[in-house]
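Input: a single structure, listed below in C-alpha cells.
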Amino acid sequence: MKTIRTRTLLLLALAAASQGAAACQGEQPSLAPAATELKAPEAKAPAAAGFAIDRASSKVELVMDAPREKIRGRITGAAGGTLQVDPADITKTTGLITVDLATIELFQTAVGDDGKPGEEKKSDLQNEHARTWLEISKDTPDDIRAKNEKAQFAIRSISTSGEKDLSKLSGAERTVTVTASGDLLLHQRQSPRTVELIATFRYEGDRPASVTVKTAKPFPVGLAEHDVRPREAFGKLAQKTLEVLSPKVAKEAMVSLDLTATAGAAATAPAPAADGGAR
C-alpha cells in the first residue's frame with residue numbers, strides 16, 4: 001500500500017509540474033515553421049500582367065509600442081518583387097514582396113516618470129542590438145546572415161467587398177481596398193498573414209501603367225513566433241527574455257508598407273538564397 005501511495009503522489013506531482021509548465025509555455029507563442037525562402041505564387045489568370053516593385057521608392061516602417069519605450073523602425077529603398085494582376089479581376093492577384101533588412105534603422109522615444117514621451121533619438125547601440133536579435137550582425141556567419149536579412153510576403157489570395165473589375169471604374173486613378181492573404185517569412189520562420197491593402201492604379205489610356213500599394217492599417221508580426229529574441233552575440237541568448245524586457249520592448253511589431261510597382265518592368269527583388277525554399 002505504501003508503494004502504491006508513493007507512486008500515486010509521484011504521478012500527481014508530475015502532472016502538476018506538467019500543467020505548470022504548459023501554463024508557462026502557453027504565455028509564449030510557439031515557433032513558426034522553419035523556411036529559408038518563399039517562392040512566388042503562380043499567376044491565377046492568363047491575362048495577368050506583371051508589375052515590378054520599384055525598389056528605390058519603397059518604404060517599410062514598423063512601430064513597437066511598449067509602456068516605457070516606443071521604437072520606430074524604417075527600411076527605405078530595400079523592397080522589391082513582382083505582382084501578377086488581372087485588371088478584369090483583381091481577386092486573382094498574386095505576388096511576392098522581398099525586403100532586405102540590412103539597412104533597417106531604429107529610433108526610440110523613452111517615456112519619462114511623468115508618463116510623457118521624450119525626444120525621439122537614434123541609438124547606435126540599440127541598432128546593434130536589433131541586428132544581433134535578428135542574427136544579421138557582423139559576427140553572424142555570411143551564409144546565415146544572407147538568409148536572415150531577407151523578409152518576404154507571398155500574396156496567395158485576394159478578397160474584396162468592392163469592385164473587382166478595374167474597367168468598371170473610371171478616371172486616371174482607380175483605387176480599390178483589398179485583403180491579401182499569404183505567408184510571411186522572417187528570420188527563417190514562415191507564418192500565415194492577412195493584410196489589408198489600398199491599391200491605387202494609374203491608367204494610361206485603357207491600361208494600368210502602375211500601382212501604388214499601401215497598408216490600410218499596420219499588421220502585427222510577433223517577435224517570439226519568428227525566434228527574434230534577445231541575444232548577446234551570434235548563437236548566444238541573453239539572460240533577459242522578451243517577457244522581462246516587455247516594459248521597454250514590445251512583443252510584436254506593427255508593420256506598414258508603401259510600394260509602387262510598374263507594369264512590364266523587370267523585378268528588382270534581392271537575389272534569392274542559394275539553397276532551400278518553401279511554398
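- Counting only N and O atoms by type, the side chains of T103 and R74 include no donor and acceptor under 3.5 Å apart.
- Between S191 and E225, some side-chain heavy-atom pair lies under the 4.5 Å cut-off.
- With contacts defined as side-chain heavy-atom distances shorter than 4.5 Å, the pair K150/T98 qualifies.
- When side chains are defined from C-beta on, Q152 counts as touching L96, because their heavy atoms get closer than 4.5 Å.
- No donor-acceptor pair under 3.5 Å is formed between the side chain of D86 and the backbone N or O of A45.
- Side-chain contact check for T179 versus L197: every heavy-atom pair is 4.5 Å or farther apart.
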Next item on the list: Determine, stepwise, if the pair K251 / E243 fulfils side-chain contact (heavy atoms from CB on, under 4.5 Å).
Entry: CA-CA 8 Å; K251 296 180 183 179; E243 192 70 31; 2.8 Å; yes
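- For R145 (side chain) and T140 (main-chain N/O), a donor-acceptor pair under 3.5 Å exists by modelled atom type.
- Here the closest non-hydrogen pair linking P208 and P87 is CG-CG, 4.0 Å.
- Within the 3.5 Å criterion, the main-chain N or O of G112 finds no donor-acceptor partner in the side chain of R68.
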Next item on the list: Let me see the working for T160 and T91 under side-chain contact (heavy atoms from CB on, under 4.5 Å), right down to the final yes or no.
Entry: CA-CA 7 Å; T160 181; T91 64; 3.9 Å; yes
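- L242 has its side chain within reach of W133: a pair of non-hydrogen atoms, C-beta onward, lies under 4.5 Å apart.
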Check: Under the side-chain contact (heavy atoms from CB on, under 4.5 Å) criterion, do Q84 and I155 qualify, and how do the steps go?
Finding: CA-CA 10 Å; Q84 299 292 335; I155 300 174; over 6 Å; no
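- When atom types are taken as modelled, the side chain of R189 and the backbone of A32 share a donor-acceptor pair closer than 3.5 angstrom.
- Within the model, atoms CD1 of I75 and CG of L62 stand 6.5 Å from one another, a figure rounded to the nearest 0.5 Å.
- Contact annotation: the side chain of F219 approaches that of R193 to within less than 4.5 Å [non-hydrogen atoms, C-beta and beyond].
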Notebook entry, point to check: Would R231 and S137 count as a side chain to side chain donor-acceptor pair (under 3.5 Å) if you check the C-alpha gap in whole Å, the side-chain angles of each, and the deciding distance to 0.1 Å?
Noted result: CA-CA 11 Å; R231 291 177 166 86; S137 52; over 6 Å; no
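- Of all non-hydrogen atoms in P41 and T94, the two that sit nearest each other are O-OG1, 3.8 Å.
- In plain terms, the two heavy atoms of S57 and T260 that are nearest each other are OG-CB, 4.2 Å.
- The OG atom of S157 sits 5.0 Å away from the NZ atom of K44 when rounded to the nearest 0.5 Å.
- Summarising the geometry of V176 relative to F201, their closest heavy-atom pair is CG2-CE1, 4.1 Å, with the distance given to 0.1 Å.
- Side chains of E37 and Q190: no donor on one and acceptor on the other come within 3.5 Å.
- In the hydrophobic clustering of this structure, L245 groups with V228; members are Ile, Leu, Val, Met, Phe, Trp, Tyr whose side-chain heavy atoms approach within less than 4.5 Å, directly or through other members.
- Between the side chains of T200 and T175, at least one donor N or O lies within less than 3.5 Å of an accepting N or O.
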Next item on the list: Please lay out, stage by stage, how V63 and K70 fare under the test side-chain contact (heavy atoms from CB on, under 4.5 Å).
Entry: CA-CA 7 Å; V63 173; K70 180 178 180 178; 3.8 Å; yes
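- With a 4.5 Å cut-off on side-chain heavy atoms, V213 and L83 count as touching.
- Here the closest heavy-atom approach between residue A79 and residue L259 is recorded as CB-CD2, 3.9 Å.
- Of the charged side-chain nitrogens involved, at least one lies within less than 4.0 Å of a carboxylate oxygen, so that D227 and R229 count as a salt-bridged pair.
- Taking every heavy atom of both residues into account, A151 and L186 meet most closely at CB-CD1, 4.2 Å.
- The line from OG of S123 to NE2 of H129 is 8.0 Å long, rounded to the nearest 0.5 Å.
- Residues E196 and T215 form no side-chain contact, since every pair of their non-hydrogen atoms from C-beta on lies 4.5 Å or further apart.
- Looking only at distances, a side-chain donor or acceptor of N148 sits under 3.5 Å from a matching main-chain atom of E135.
- A distance of 8.0 Å separates CG in L223 from CG in L134, rounded to the nearest 0.5 Å.
- The cluster map of Ile, Leu, Val, Met, Phe, Trp and Tyr, joined by side-chain heavy atoms under 4.5 Å apart, puts L169 and V211 in the same cluster.
- Cation-pi contact between R174 and Y203: present, with separation from the ring centre below 6.0 Å and deviation from the ring axis of at most 45°.
- Each of V249, V221, L106 was checked for a side-chain contact (heavy atoms from CB on, under 4.5 Å) with M64, and the lone residue meeting it is V249.
- The main-chain N or O of G95 is never found under 3.5 Å from a side-chain atom of R156 such that the two would form a donor-acceptor pair.
- Between the CD1 atom in I90 and the CD1 atom in I158 there is a gap of 7.5 Å [rounded to 0.5 Å].
- For D113, the CG atom sits in a loose shell: 12 or fewer heavy atoms of surrounding residues, nucleotides or ligands are nearer than 6.0 Å.
- Put simply, NE2 on H226 and CG on L31 are 9.5 Å apart, with the number rounded to the nearest 0.5 Å.
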